[in-house]
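Report on the structure given below.
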Amino acid sequence: MLALCASLVTHGKAAAEDVPMWVYHNFPPYVVNEDLREGISFELADMLTAMSDGKYQFNVVVMPRKRLNNRIADGAPGMVLWANPAWFGDSDRTRFLWSAPVLNDQNDVISPTEVSFQYDGPGSLDGRMLVGVTGHRYPGVDGMIETGSVERIDVNAEDALVRFIASGRGEVAIVAQSAARYFVQKHELGEAVHFSGTPHSSYQRHILFQPELAPVHAYVQDALTRLQQSPDWAAAVDRYALDLALQPQRPEN
C-alpha cells in the first residue's frame, strides 16, 4: 500500500519540461567557466528554473554559432540567449518569438590611457592599428583593412584583447562593452584602458525562442519582469558589471 501511494504521488507531479538555452557567446560575462557553470547565462537559467516552481528546467548549452544555426534550421526546440533580431535575419520579428530587451550593449572603441583615442566614425581610424579578435568582422572598418588604410592584428579572445590594449602594445580596439567592462573590472585595469565617448555601434540583446515554445516565451516574459525585484539578479548585475535593459529595482536608502 505504501509503495502504491508513493507511486501515485510520483506520477501525480509532472516532471519539469527541459528547455535548452543555447549560448554561442562563449566568453565572459556570458560564460565564465562552462564546467563550473559560472557566468550570467547559468545564473539566469537557474533563476528562471527556480521561479517556475518545477514546471521548467532551463539548461545552458554552449555551442558555436554555426552549430546553433543548424539547430535553428532543423527546427529543434530551444531558445537563444543574448541575441538580436538583426543577427538572425528577423528584423521584423516574424520568424521567431522575442523577449523584451534584456541587455543594453555596444561595441566600444578602447585604447591605452596614454593614447585616449576618440572614435568619430570609421574614417577616424585611418592610419591606425586595430586590434581585433580572430574571426570577428567590424562593419565599416573591414573595407579600410582590405585597402590597407587600417592595419589589423588579431588576438584569440576578448580577454587577451583588453589586456593587450591595457599593456600599451595595441593602439585601438573594438570590443563588446559587456566583455570589456567585465575584464577591466576583473583585472583592475580601470586606469589603463580608455573608452571612447562614441561607440562603434549600439544594440540590445534579447532572448530568441523557436515558435513552438510559445508557452515558455510567455513564462519567461513574465519572469523577467519579476526578476527586477530579485536581490540575486541585482547581485549578478553588479558582479558582471553589466548594463541591463532589465534593471533591478533597488530599495532606496
Side-chain heavy-atom pair [X], [Y] within 4.5 angstrom cut-off:
| X | Y | answer |
| --- | --- | --- |
| H25 | V31 | no |
| P122 | M144 | yes |
| F183 | P28 | yes |
| Y30 | L103 | yes |
| S99 | L224 | yes |
| F195 | V109 | no |
| E43 | R239 | yes |
| H217 | W98 | no |

Heavy-atom closest pair, residues [X] and [Y]:
| X | Y | answer |
| --- | --- | --- |
| P20 | P77 | CG-O, 3.7 Å |
| R128 | S124 | CG-O, 4.1 Å |
| A166 | L189 | CB-CD1, 3.8 Å |
| S167 | R169 | OG-NE, 2.8 Å |
| D126 | S149 | OD1-CB, 3.2 Å |
| G170 | V131 | CA-CG2, 3.9 Å |

Are Y182 and D159 close enough, and set up right, to give a side-chain contact (heavy atoms from CB on, under 4.5 Å), and what steps lead you there?
CA-CA 9 Å; Y182 174 83; D159 190 4; over 6 Å; no

Let me confirm one number: the [atom1]-[atom2] distance from [X] to [Y], rounded to the nearest 0.5 Å.
| X | Y | atom1 | atom2 | value |
| --- | --- | --- | --- | --- |
| F58 | E17 | CZ | CD | 8.0 Å |
| L161 | F27 | CG | CZ | 11.0 Å |
| L44 | I207 | CG | CD1 | 5.5 Å |
| M21 | L48 | CE | CG | 5.5 Å |
| H187 | R163 | NE2 | CZ | 4.5 Å |
| S116 | I110 | OG | CD1 | 12.0 Å |

Residues clustering with L36 (ILVMFWY side chains joined when closer than 4.5 Å, directly or via others):
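The other cluster members (ILVMFWY side chains, heavy atoms under 4.5 Å, direct or chained): none.
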
Under 4.5 Å between side-chain heavy atoms, hopping through other hydrophobics if needed: is there a path connecting [X] to [Y]?
| X | Y | value |
| --- | --- | --- |
| V115 | V172 | yes |
| V102 | M51 | yes |
| Y138 | F164 | yes |
| M79 | V60 | yes |
| V162 | F117 | yes |

Got a donor-acceptor contact below 3.5 angstrom from the [X] side chain to the [Y] backbone?
| X | Y | answer |
| --- | --- | --- |
| T113 | A192 | yes |
| S91 | P85 | no |
| Q221 | V216 | no |
| H200 | V141 | no |
| N84 | A86 | yes |
| E158 | V175 | no |
| Y219 | S52 | yes |
| H206 | A83 | no |
| S196 | P199 | no |
| E171 | L130 | no |

Assess R205 against F88: is NZ or CZ under 6.0 Å from the centre of the six-membered ring, and within 45 degrees of the ring's axis?
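Not satisfied by the 6.0 Å and 45° rule.
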
Apply side-chain contact (heavy atoms from CB on, under 4.5 Å) to residues I72 and W22 and explain how you reach the verdict.
CA-CA 10 Å; I72 292 175; W22 300 321; 4.1 Å; yes

I'd like to know whether N59 forms a side-chain contact (heavy atoms from CB on, under 4.5 Å) with V19, so could you lay out the CA-CA distance, the side-chain angles of the two residues, the decisive distance to 0.1 Å, and finally the verdict.
CA-CA 6 Å; N59 296 304; V19 182; over 6 Å; no

Evaluate H136 against D154 for side-chain hydrogen bond (donor to acceptor under 3.5 Å, both in side chains), listing each step before the verdict.
CA-CA 9 Å; H136 285 207; D154 281 351; over 6 Å; no

For the aromatic rings, using the six-membered ring if either is Trp, is the centroid distance between W87 and Y203 under 6.0 Å?
yes

Taking the six-membered ring where the residue is Trp, are the ring centres of F96 and F209 under 6.0 Å apart?
no

Do we see a donor-acceptor contact under 3.5 Å between the side chains of Q204 and N104?
yes

N69 and R65: side-chain donor and acceptor closer than 3.5 Å?
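There is such a pair between these side chains.
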
Between K55 and D53, is a salt bridge (Lys or Arg N to Asp or Glu O under 4.0 Å) present by the stated rule, with each step listed?
CA-CA 6 Å; K55 186 172 183 179; D53 294 325; over 6 Å; no

Salt bridge (Lys or Arg N to Asp or Glu O under 4.0 Å) contacts in which one or both residues fall within residues 210-231, not counting sequence neighbours
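Counting only pairs at least two positions apart or across chains, the salt bridge (Lys or Arg N to Asp or Glu O under 4.0 Å) contacts touching residues 210-231 are D222-R226.
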
Before giving the answer on side-chain hydrogen bond (donor to acceptor under 3.5 Å, both in side chains), spell out for S41 and W82 the whole-Å C-alpha distance, their side-chain angles and the decisive distance to 0.1 Å.
CA-CA 9 Å; S41 300; W82 323 121; 2.8 Å; yes

More than 12 foreign heavy atoms under 6.0 Å from CD of E114: is that the case here?
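Yes.
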
Let me see the working for D120 and T198 under side-chain contact (heavy atoms from CB on, under 4.5 Å), right down to the final yes or no.
CA-CA 7 Å; D120 187 24; T198 302; 5.7 Å; no

Criterion side-chain hydrogen bond (donor to acceptor under 3.5 Å, both in side chains) against S201, the qualifying member of N107, D108, D105
N107

